[in-house]
Every structure is written in C-alpha cells, then in structure tokens.
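When a ligand or atom number is given, it counts from 1 through the structure's own listing order.
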Amino acid sequence: MYSDRIKELLSKMTLEDKLGQMTLLVPDFFDKENNVDLTGPFANLEFSEEEINSVGSILNSFSAEKNINIQKNYLEKSKHKIPLLIMADIIHGKSTIFPINLALGCSFNTEAMKTMAKTAALESSVSGIHLTYAPMVDLVRDPRWGRVAESTGEDPYLNSIMAVAAVEGYQGKDIKEYGNIASCCKHFASYGAPEGGRDYNTVDMSEGVLRDFYLPAYKACVDADVKMMMTAFNIFDRIPSGANTFLYNDILRKEWGFKGSVISDYAALDETMVHGFAKDAKEAAKAYLEAGCDIEMMSPHYLKSMKDIAANDEKYLKLIDESVLKVLHLKEELGLFDNPYKDANIEIEKNTLKSKENLQKALEVARQCIVLLQNNNNVLPLNPNMKVGLCGPFATSEDVIGTWAFEKGAISLSDSLKNSNIDITVAMNNELGSMQEKIFDVDIDYSEVSKLKDCDVILACVGENQEDTGEGASRANIRLSANQEAMIKNLKQLNKPVIVLLFSARPLELNPIINDVDAILQVWHLGTESGNAIKQVLFNEYNPSGRLSMSFPQTVGQIPVYYNHYNTGRPRTIEMRYVSRYLDCPNEPLYPFGYGLSYSNFEYSNLNVAVVGETIKASVKVKNTSEHKGIETVQCYIRDIKASVVRPVLELKAIEQVSIEANSEITVEFEITKEMLKFHNAKMEYVFESGEFDICVGKNSSEYLKETVSL
Ligand code: BGC
C-alpha cells in the first residue's frame, strides 16, 4: 500500500522526527518565528526548534498568503522536507457559508450537501487548506445539545447518504486534483448521545443501538474512502472513545478495513487523565497509540512522552511506524511531496472566495433547507405589493451565518427585502445577546408595536444567538427567550397575519407560541445568503421543500423524542392508566421527522406493494392538487414486525424527491432489498431475518400509506 518514496523516508527518520509527524500544532509556531503566546496545554511547555520543525500538521489557518508563507518557512527549516498538512474546520463553507448541517439535512437532497462540500473544498484549496474536519456525522436525538447544529439529524439512513455526499463533494474522485481536499469524518463514535444533552457528557448505550443507529454514517464515510477519522470527547462503555480499542481496532480497522489516519480531537489525550482513565501523560499517550490514533491534536504527549516509552519497546516503535506511514501516505495522496502548496494561490483566491457563482450556489442550497412548519389559511406566500412589518432580533441581523464559520456577515432579511424594493417597516429589532455572555434575553420596547399597525403582514424574526449553538452550547431550556415570546403575543393586537421566522440551530419548543401565529418558517442559520433565501420562499420565488431531519419536541420533558424508537410493551394505543405515556403531554413530537409543508398540496394514493423475487417493490401515486408546481420528498419507511431482537417502529429506507407540476400526478417507485432490511442480532451479526414487513410510503414519519408483505 505504501510507496517506496515514503518507506525510504521513514527509514531515514529518527524517533523524534516520527513523533513530530504525529503531532499537530497551532499555525502560530510557524508564521511568527516561533514567538508564540501560548495558552492551554502548551502554555508551560518548551519546544525545541527541532521539535517544532518536525511537526507534521497545523490547524485553522485560512488564507493562501499565510499558508504559503507557513509552508515555505517550515520547509526551509525542516530536516526531511516533509510538507506540513494544513487542516481546518470547514464545516458548512469556507468563505461562502452555506446553511448549518442540520439545515442541510432538511434539504433531504444529497446534491445540496455535495454542492456545499464541493464549493467549500474549492475555496479551501485555493486558500492552501488540505483537509477539512468534516463531515460530522454524529446521530442526534437531543436538541438541548448545541452540536445538533453540526449533524444532519436523527436518522441513520439520511445521515449516511448525506455523509457520503459530503465526502464525495470534498474529496472528488482524487484528492490530488485541483479543488479537492481530504475529508475527516467525526466524532468516532457516538458523540451525539451525551446524557442530558450536555456537551462532552457521558455516553452509554448498548452495542446493538450503537451498531444499528449510531455507526452507519461513520461506516458510510469509510466506504466512501474518507481519509481521516477523528476521535470523540465522550467515553464509550466507560473508556474514553479515542483510547477505546473496541471502537478503533476491532470495529474501525478490523471490521471495516479503514486504512486512513485517525486524529485525536482537540487536546483529548489530556481528558483521559481528567476522566480518571490515564494516570499521567505517558499513560494517555500509550492508550491512544494502542487504540490506533495516528495524530495528536493540540496536546503534546506523543511528542513529549513517547520518546521514553518507545525508545526500547518494539511494540510502540512498530505502532509509531504504522502511524507515520499513514500520515506520509496521506500527504503523498494529496500530492504534497511534489507540490507542497497544492492549489494555494493568492490571485486565484481573490476571484474564487465568495465569487458570484459560489454565492448563487449557496442561495440555491439555502432555500432548500427552509422548512414550512405551519401555514394557516395559506397566509404564505406573500405578495410583493404587501406592506411588510419586520420585528424581532433577527429582522436586521447579519449574525445568522451559523456556528463554525470563520467568516462573518450574512445578508440580513431586511437588506434582502430592501434590495427587492419590498415596502418594509422595522420595529423591535434589538439584537439578542449571547447566553455565553450571560445575556438571556433581549430588550424589547413593546410600544413600538404600533409602528407596525399599517402593515399587511408581520414577520416576527426570532430565534437563538449563533454563539449559543454548536460546541459547548448546550441548553436546558429550549424555548424562545421570554421577551421574544412576549413580543409575539403582543403582535396579536394588530390583528394582522403573523408569520414567525425561526432563526435557530436546534429544534425549539414552540408550543408556547404556536396558537398565537399564523405561519411558522424554520429558517435556521442559513449562511451567507440567508436573507435572500428567506425572501425567495416568502414570495414564492421558491416553493418550500425542506423536511425536518430532527423531530421537534412538544416540550423539553419529552426529550429524547425521535421517530425510529422501539415499541414499548404497553404502547399508548388506548387511553388508560398503565400504558407508556405522559399524563400532561402526548407521546408524539410536535412536528415529526420528515415533516414539512409546501405551497403545493400533495395527496398520496394507490400504494402497491409486491414481492418480486428477492426484493420488495412499492409504487405510489402522488398528486399535486394545487395550483403551484412543487417539490415533494416521498419517503419510504419499513417496520420489521417481528424479529429475534426488538426492531424500531419505523425506519427510513429510501427517499425520492420529485418535482410535480400543478394539478398533475406522478408514480413513484421504490425497491427494498434484503440487504436494506438487515440489522444486528443479539450476537452482533448483521443479518436479514425473513418475516412480515410493513411498507409505509408517505409525506413524513407519521403520515403515510401502509401495506404489509412477507419476505
Ligand atoms: C471539536 C472538533 C473540531 C476541533 C478542531 C474540537 O473542539 O470537537 O469538532 O474539529 O475542535 O477545531
């Protein structure tokens, strides 16, 4: 698998050189003549020049000029002239920012995800970035966890196809080619299930649940030839995930045959000591190396502690060689030995970042991510001659680009409406502070309501500050802030249609406002083109097509609430005391997975299901009974009625997105193979078990037609 060039290189390297390749440092070491003002785990460490000049990779350096300089300075000093690998968190766009990933999941369109990844890869590569820490494919069920923003949601099938689209978009056919970058899937494994939705918290689940729900998207990345895997901060089965040999050696490498590199998450080796798993840095380094972690991110234990451990220990020397070969191989695959700057180019960068073409792509993707949740009396779409009242903290805000974006400034809704000559009146638009800064609400002068009295329709632009989403941004309360809810109630006195635009990065609890408003559009944090995308949906320049990739709870007390749960022995099929229920709340979510309205109206009929040979074939008629052409996402679910282990009440198996003309009907077909019906039995074998299956085809996970077949 490895070329002679890198084998020969390895043979010339000292142990110190090798440990350098297995270490990632901040870029400051290389572009400031080593005068770095360090905090955190590096603060008290003295690195020798030699150590620094042997380091293999850096993170989050974003411009061509900087990256060319860093690489040049580094290569001048480095002994073996092995180029630096420049990695970055390009999560939903580099300079042209696309919607957050949860919203991308709601497009239910893998092409949208691929467009994002391709555009991000091009912008990154011309800026000298070689690898992105994306996609994040952690399955999520708890909207209190801030990082749901980075995931495509609660479904293993949707997450898997989106993950593949992202990897293919970033990497293209060959990562060496112009405009492509390597992709790092994260966070292996099960980071998306922290107890109580609190970031970094304990994860505890059965192996069957791990394998059937949480692992498929990581596996899909491996099958799509993802080049790197990142460890997770959580423990799995009481062992820190990056040191977990069951996850890394048994599953990732042996079972799945992953040949790429593994990188620790940020300073995660330190955390093994805090968890009480490793006594000291040496034990931490040993544990990570034994589990097959090739690169240590932002902590220095390989570099500082491994020398003594490995010096006379063949076992560790061998593991180190294997890791270094993987790192060098990745650099070779990227073509860095022949051209260490790859596509970095200051001139081309100027014309590429935020180019007209890229912004147009971001707009086309962003509008597909908006989900119409409610539209009483068809108050939407709006007519461009209407007088539009805009209020709430996000009416004029440009801070709706989303978490993990290193560029600021989206086009605000008000600017976009102004550019289209819509008659707008703005009131009560103070921006919402951040809970990170201990600001829990926004000041609203409710007397300003009267400013909106002559408007035909009111857009209440509410949500959450983007700082309060993403990593380290868990919330115990997922309602809108009290003043935002009060503002919405205040609008009722105007007796005008009120449309809520929800700028959030997680499902929020909407029951407190739902009866006070006519329509709700979930607009997420949509990135650079936010205002333009929302405008297009409001005025029917784009008929909304987004579908929820995560269930919206009725109340925080229901969490976790997700569609593909197991049945209880006492489901709530009748109302009586001893059934599985809440006394004060339905079991179902407010809006289920797969849900989303359109300006069209789609009706389903004639579900035909038949077994043909080894497969199940299903067809359904979908009629657009409205005057609007629209996009429908036809969803095919199954239920495995009886098996050797309990199976979910419903599982998404396929989707078909179709555009249907006004007043016309089409037939949509699905094929379900035995492979698609496999699951892990009690012995963790991946098997198909014959029996009866419900085939459910419809609009979402709670509205569908159903037929039962035997296979
Ligand atoms: C996050 C990763 C990210 C890394 C590097 C960590 O805190 O968990 O997702 O890629 O930082 O920025």
- Query: Salt bridge between Glu471 and Arg147, side-chain N to carboxylate O under 4.0 Å?
  - Reply: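 Answer for the salt bridge query: yes.
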- Query: Salt bridge or not for Lys408 and Glu398, using N-O below 4.0 Å?
  - Reply: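 Salt bridge: no.
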- Within 45° of the axis and under 6.0 Å from the centre of the six-membered ring of Phe47, does NZ or CZ of Lys304 qualify?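 Yes, Lys304 lies over the aromatic ring of Phe47.
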- Decide whether a cation-pi geometry holds between Lys94 and Trp404; the criteria are a distance under 6.0 Å from NZ or CZ to the six-membered ring centre and an angle within 45° of the ring axis.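 Verdict for Trp404: no cation-pi partner in Lys94.
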Which of the numbered atoms in ligand 1 are under 4.0 angstrom from any heavy atom belonging to [X]?
X	result
Asp265	1 (C), 2 (C), 3 (C), 4 (C), 6 (C), 7 (O), 8 (O), 11 (O)
Leu59	5 (C), 12 (O)
His187	2 (C), 8 (O), 9 (O)
Lys186	2 (C), 3 (C), 9 (O), 10 (O)
Met230	2 (C), 10 (O)
Arg147	1 (C), 2 (C), 8 (O), 9 (O)

- Message: Any atom of ligand 1 sitting under 4.0 Å from a heavy atom of Tyr191?
- Response: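 Outside the 4.0 Å threshold, so no.
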- Message: With a cutoff of 4.0 Å, is Met298 in contact with ligand 1, counting heavy atoms of the residue only?
- Response: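 So Met298 does not count as touching ligand 1.
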- Task: For atom 3 (C) of ligand 1, find the nearest protein heavy atom and state the residue, atom name and distance (0.1 Å precision).
- Result: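 Minimum-distance protein heavy atom for atom 3 (C) of ligand 1 reads Asp89 OD1, 3.2 Å.
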- Task: Would you please classify the geometry between the Trp524 ring and the Phe552 ring as parallel, tilted or perpendicular, with 30° and 60° separating the classes?
- Result: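 If you compare the ring of Phe552 with that of Trp524, the planes turn out perpendicular.
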- Item | Phe593 and Phe108 aromatic ring geometry - parallel, tilted or perpendicular at 30°/60° bounds |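 The rings of Phe108 and Phe593 sit tilted, inter-plane angle from 30° to 60°.
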- At what distance, to the nearest 0.5 angstrom, does SG of Cys185 lie from OH of Tyr133?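 It comes to 14.0 Å.
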- Message: Within the 3.5 Å criterion, strictly below it, is a donor on Asp468 or Ser434 matched to an acceptor on the partner's side chain?
- Response: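 There is such a pair between these side chains.
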Hey, is [X] touching ligand 1 through its side chain, its backbone, both or neither, going by heavy atoms under 4.0 Å?
X	value
Trp404	side chain
Met87	neither
Glu471	side chain

